[in-house]
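Keep in mind that the numbers below use all heavy atoms, side chains included, and drop hydrogens, waters and symmetry copies.
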Amino acid sequence: MEKVTLTIDNIQVEVPKDYTILEAAKSIGVDIPTLCFLKDINEVGACRVCLVEIEGARSLQASCVHPVANGMVIKTNTEKVRDARKSTVELILSNHNRECLTCNRNKNCELQSLADELNIREIPFEGEIIETVVDNKSHSIVRDPSKCILCGRCVNVCKEYQKVGILEFTNRGYYTEVAPAFGRSMNDTPCIYCGQCIVNCPVGALKEKEDIDKVWEAIEDPEVHVVVQTAPAVRAALGEEFGYPIGTRVTGKMVAALKRLGFDKVFDTDFAADLTIMEEGHELLGRIQNGGVLPMITSCSPGWIRFCEFNYPEFIPNLSSCKSPQNMMGAIIKSYYAEKENIDPKKIFVVSVMPCTSKKTEASRPELSVDGIQDIDAVLTTRELAKMIKEARINFQKLEDAEYDPTLGMYTGAGVIFGATGGVMEAALRTVADVLEEKDLEDIEYNVVRGVDEGIKEAEVVLGGNTIKVAVAHGTAMAKELLDMVKAGEKDYHFIEIMGCSGGCVTGGGQPHVSARVKMDVDIRVERAKALYEEDESRELRKSHKNPLIQKLYDEYLGKPNSDKAHELLHTTYVAREKYGEVEETVDLAVGEAAASK
């Protein structure tokens, strides 16, 4: 690659010619502040915080978008530059809700950190403050325009990265606001609640709707039996809230913290992931062998499900009828577990700890209930669990590792990798392969469906003399691209895994915030996924159908995968949704379900 030589703060540096000044400075350890910048998502130079002085230029330039050139001489720390940056941030703060102590991003806010670094102690620009209204109608996301700094990160991650596009700049001039079209609530749009707007917002303008108080109330009620379950990806990120490096696995300490918080039972959603593979794997085999609707598409990601319901309703019959692991676990807790422990299901309160904000909306769906009892009563994000642990004054790092409660706490490595893109596919193949080959295969690493380098991964696997064609897509932008190819007849598969977020659940909208500066150096998708694959490799059992508690569940209660009892508890339906309407039409999955149950 062709390179150029330039000078930054009297340091000569040689970098590729397609670098920006910001990248060139970072390569030699020169830190230029940013605010609107987000690598590969929002590179627009809008906030003007990253201004630098270029010798010979008439004005200061935004380093995040200005290309390098041979012989360029740059200064990043002159009085002119410092004054410009400081004035820019002061102007942003002049119309910002500065109630930082009660903000959900207090001490973890990029604007707050920048104001501190620039030594801003007063705001010279006082004037009219725009009155705004907080949008909290949805089950998942709260939007507070009073804290928005118009950086555009959420707009571009929603529009370009996810291809959903429900947020945009509205109005003009001083009254510009980031909001859905026509002043609608996010609840009244085709939002999929993936939460990528939240994790990419530098301030507190977007956050999850918290269930913390509801959970504390349940724990304190002696008449309620409170059960908590934790999703695979939570263990790979929770530690970041307590000072651990990105991607540190903290399974044992997490379980110990949950027990200290007062939950009656602590179970692992990985158990339900194993259960999902039993149901989904046999559903796939049923469709292949009995002429069911193909390709079958996974249904674990609620963000992807909503994307499909809004944008690709013609693919609803292709969706697996399986509930997600979260809701399978809730249904089993309020049936099988309730019977074993002789507890009234109405007295059981099930809490899910999820990496995903869309799980909150999923839990509220009326279809995800049995005999009028919702599978899930409350959903906490990884961030919310961290807040509860801190509120309880628990020293997380000093906790001794604890084990999940045994009734529904045993899981295999296959269940763990659900949290990474390709994990559901790999887990399914491990079980389907044994079924078709009619033996216990030793080669269970399906590396071809792992990784984040490609948005769409394809593979052909020969099992029991059958060629199974599969594909994996992560992020709804990639889902759109893949489905368009299937619609056009360009691609033909048996099984497709789609996750709503890039990298899978490890980067879900409920995971810890990571600053844009850190994201320039670390691919959090890769680091968090490593933790899950490490746990998978450490497990004695790595195939879902080998889980003895799963076998016991079928022997004692469900009968066999895709049985009538299993369908009653573990399967569901989906709806075609009008993007900006109120009518929801239930779409019949009879074709797919009938084939799977034969």
Could you tell me whether a side-chain N or O of [X] sits under 3.5 Å from a main-chain N or O of [Y], the two making a donor and an acceptor?
X	Y	result
Lys457	Gly451	yes
Glu117	Leu114	no
Lys323	Asp375	no
Thr412	Ala414	yes
Thr248	Gly239	no
Thr431	Ala428	no
Asp405	Val266	yes
Asp264	Val226	yes
Asp536	Val416	no

Would you call [X] and [Y] a salt bridge, taking side-chain N to carboxylate O under 4.0 Å as the test?
X	Y	value
Lys207	Asp144	no
Arg542	Glu537	no
Glu241	Lys390	yes
Lys543	Asp274	no
Lys519	Asp40	no
Arg430	Glu426	yes
Arg235	Asp268	yes
Lys39	Asp523	no
Glu362	Arg365	no
Lys359	Glu208	no
Arg450	Glu445	yes
Glu384	Lys209	no

Could you go through the side-chain hydrogen bond (donor to acceptor under 3.5 Å, both in side chains) check for Thr269 and Gln229 one step at a time? CA-CA 5 Å; Thr269 313; Gln229 58 167 314; 2.8 Å; yes

Can the positive tip of Lys340 be found less than 6.0 Å from the middle of the six-membered ring of Tyr557, inside 45° of the ring normal? no

So, do Tyr411 and Phe271 have ring centers that fall under 6.0 Å from each other? no

For the aromatic rings, using the six-membered ring if either is Trp, is the centroid distance between Tyr554 and His545 under 6.0 Å? no

The side chain to side chain contact (heavy atoms under 4.5 Å, CB included) partner of Ile389 among Leu399, Asn395, Leu261 is Leu261

Using distance alone, with no hydrogens and no angle criterion, decide if [X] and [Y] have a side-chain donor and acceptor under 3.5 Å apart.
X	Y	answer
Ser140	Thr357	no
Ser138	Asn187	no
Thr382	Gln511	yes

Could you go through the side-chain hydrogen bond (donor to acceptor under 3.5 Å, both in side chains) check for Tyr574 and Ser321 one step at a time? CA-CA 8 Å; Tyr574 310 99; Ser321 65; over 6 Å; no

Should we count CZ of Arg539 as having more than 12 external heavy atoms under 6.0 Å? yes

Full working for side-chain hydrogen bond (donor to acceptor under 3.5 Å, both in side chains) between Glu497 and Thr298: CA-CA 5 Å; Glu497 178 205 303; Thr298 57; 5.9 Å; no

Any heavy-atom pair between the side chains of Pro202 and Cys151 that's under 4.5 Å? yes

Over all atoms of both residues, closest heavy-atom pair of [X] and [Y]:
X	Y	value
Asp135	Met186	OD2-N, 2.8 Å
Leu275	Ile332	CD2-CG1, 3.8 Å
Pro325	Cys300	CD-SG, 3.8 Å

Between SG on residue Cys505 and CD1 on residue Ile417, distance to nearest 0.5 Å: 12.0 Å

Quick one: SG on Cys100 to CG on Leu93, what's the gap to the nearest 0.5 Å? 8.0 Å

Arg306 and Ser358: side-chain hydrogen bond (donor to acceptor under 3.5 Å, both in side chains), yes or no, with the steps? CA-CA 9 Å; Arg306 284 181 62 85; Ser358 197; 5.3 Å; no

